Amino acid sequence: MHNEASHHNKIDLDRIDIYAEPPKEEPARQYYFMAKCREWVREFERKNGRRPFAFTQTFGCQMNARDSEKLAGILENVGYALSETEGQADFVIYNTCTVRDNANQKVYGRLGELNGHKRRNPHMIIALCGCMMQEPAVIEKLQKSYSFVDLIFGTHNLFKFPELLYTVYEMKGMYTMEKRHSMEKRHSMVVDIWKDTDMIVEDLPIVRKYPFKSGINIMFGCNNFCSYCIVPYVRGQERSREPEDIIREIKQLVANGVVEVMLLGQNVNSYGKNLRQPMTFASLLKEVEKIEGLKRIRFMTSHPKDLSDELIDVMKHSTKICRHLHLPLQSGSTRILTRMNRRYTKEQYIDLALRIRREIPDIAITTDIIVGFPGETPEDLEETLDVVRTVKYDNAFTFIYSKRTGTPAASMEDQVPEEQVRQGFDRLLKLVQETAREQIAKYQNCVMEALIEEVNQNDAAMVTGRLSNNTIVHIPGDASMIGRLVQVSLDQCMGFYYLGHLVS
Ligand code: 5AD
Ligand code: SF4
């Protein structure tokens, strides 16, 4: 774990007067509550002769992974020791996903287990946050059947975590110094969910998972309303961070040893539209490219309808932007794409993908595909398979359609029979695996640059690196190589990854 020490993060909690009125402005208010929480943590240490342990678990996408780093940053600043074991933790938080129903089911399952731990350790604080918490039906269910949960907040007020944590301490009588906050309290559960927000709170502490690479939020929310997707409802309206804030954060990261950044947004191609001074994603990339010491730039996710020629051009001429583009297809049938509200046709998508392949021949294109969207026929699936054969994806994530309450597709009548979905899914999976294997095998015996990320989990004499095109390569090596960009020879294609060796 790597602690971000940006100039704001260096605010000394001990110098904050915790007996004064809480500040109204952010993030000063949250630093004030962090200082108050720290008092509680010190009291815990005095009583127990050790620091309290905190366990964080992330479900879902890169966006959530980055949010969890913010949670960890706050917990560490408050004085918790971050722990890998859930059962012994004094504080457990799940950062949840709700993009498909099985993500929700996983959380309910894990909560059942956690309840067992809490029976043995009644002082355990259990918190839930993230996308799943933005659904009213989930909150109802948790209040009814999971009353052992202590704290629930959502995606819009993650920055408020210190204040909410303090409220939990107070409510539990663990730490009583001040009058209570006016907040919804049932079964002594603290619940604070915002419907939406236009706020972006900058400069809270962050603990990064990797010292050498980092995600960076460039925008939040989504305005696309694909008819199957719950994200616009749980992540709210689209809002972009100011370019200066993004550049400043990346410069700070680079100063702290980061060589690779991933710019994060639900639809990075519409970055900057709602800024005071509008700016395109391509021009943001040009600015990021200029940052000295930064070696690699990735981004996620691109909507095909908004991918500009300007972006292709910037990628083509860049020496830092990685040779990888994630371009979700969702379906290859124009009829289904229309029902999905994707706003491109099969032909437009193929044209775009092939243009990118022509302009940037060494690029890897990956995608997301949904099978079983309401009304999908075997003929529609054929169209999808046709796009896969034409574009030849380097990797594809395939999903079975999951009905999300509140989305337009959930009330579409012609839901697809399960057996047809299964068959279609299996065919698609087989095809995407074939094309991915072919694509990856093309680099046999090439020498390419890899960023060494970790020691191989199964073989301590090997390390794992990532090529610019996102392919994984395992080479003999040791922990001292982690974070370094090295030239590797790709000796043996193992299907979806390579075995190789270091080229000096
Ligand atoms: N059912 C199945 N897959 C979905 N995705 C989003 N919503 C659903 C849903 N309701 C997939 C899309 C998206 C990826 C992150 O998850 O393919 O690109
Ligand atoms: Fe899941 Fe979407 Fe939330 Fe990411 S933004 S955690 S994919 S629901």
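Nothing here was measured: the structure is a model prediction, and the numbers come from that model. Both ligands and their constituent atoms are indexed starting at 1 by order of listing.
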With a 4.0 Å heavy-atom cut-off (strictly under), which part of Thr301 contacts ligand 1: side chain, backbone, both or neither?
-> neither
Just distances here: any N/O of Arg100 and N/O of ligand 1 closer than 3.5 Å?
-> yes
Backbone, side chain, both or neither: what part of Val99 comes under 4.0 angstrom of ligand 2, heavy atoms only?
-> both
Among Asp67, Asn104, Asn64, Thr58, whose heavy atom sits nearest atom 6 (S) of ligand 2?
-> Asn64
Inspect the surroundings of NZ in Lys320 and state if more than 12 heavy atoms from other residues, nucleotides or ligands are less than 6.0 Å away.
-> yes
Identity and distance of the protein heavy atom lying nearest atom 5 (S) of ligand 2 | Gln266 NE2, 3.2 Å
Evaluate the ring planes of Phe299 and Phe281, with Trp represented by its six-membered ring, and classify them as parallel (under 30°), tilted (30 to 60°) or perpendicular (over 60°).
-> perpendicular
Please report which non-hydrogen protein atom sits nearest to atom 1 (Fe) of ligand 2, along with the residue it belongs to and the distance in Å to one decimal place.
-> Cys97 SG, 2.4 Å
Any N, O or S atom of Cys131 closer than 2.8 Å to atom 3 (Fe) of ligand 2 | yes
In the protein, which heavy atom is nearest to atom 2 (C) of ligand 1, and how far is it?
-> Ile400 O, 3.4 Å
SB check Lys213 Glu453 (cutoff 4.0 Å) = yes
Would you check if the distance from the ring center of Phe399 to the ring center of Phe425 is below 6.0 Å?
-> no
Hey, is atom 4 (Fe) of ligand 2 within less than 2.8 Å of some N/O/S atom on Cys61?
-> yes
Heavy atom of Thr407, distance to ligand 1 below 4.0 Å | no
Ring centres under 6.0 angstrom apart (Tyr498, Tyr443) = no
Determine whether more than 12 heavy atoms belonging to other residues, nucleotides or ligands lie under 6.0 Å from atom CD of Glu310.
-> yes
Closest by any non-hydrogen atom to atom 9 (C) of ligand 1: pick that one out of Ser402, Cys61, Ala409.
-> Ser402
Is the closest heavy-atom distance from Arg235 to ligand 2 below 4.0 Å?
-> yes
Filtering Thr98, Asp368, Asp101 for the heavy atom nearest atom 14 (C) of ligand 1 leaves Asp368
Between Tyr146 and Tyr108, ring centroids under 6.0 Å = yes
Among protein heavy atoms, which sits nearest to atom 2 (Fe) of ligand 2, and what does the distance come to when rounded to 0.1 Å?
-> Val231 CG2, 3.1 Å
CD of Glu86 to CD1 of Ile126: how many Å apart, nearest 0.5 Å?
-> 8.5 Å
Any salt bridge between Lys316 and Asp309, counting N to O under 4.0 Å?
-> no
Identity and distance of the protein heavy atom lying nearest atom 6 (C) of ligand 1 | Val99 CG2, 3.5 Å
Is the distance between the ring centroids of Tyr94 and Phe59 under 6.0 Å?
-> yes
Looking only at distances, please establish whether an N/O atom of ligand 1 is found under 3.5 Å from an N/O atom of Tyr228.
-> yes
For ligand 1, indicate whether the residue Lys403 contacts it via side chain, backbone, both or neither (heavy-atom separation under 4.0 Å).
-> neither
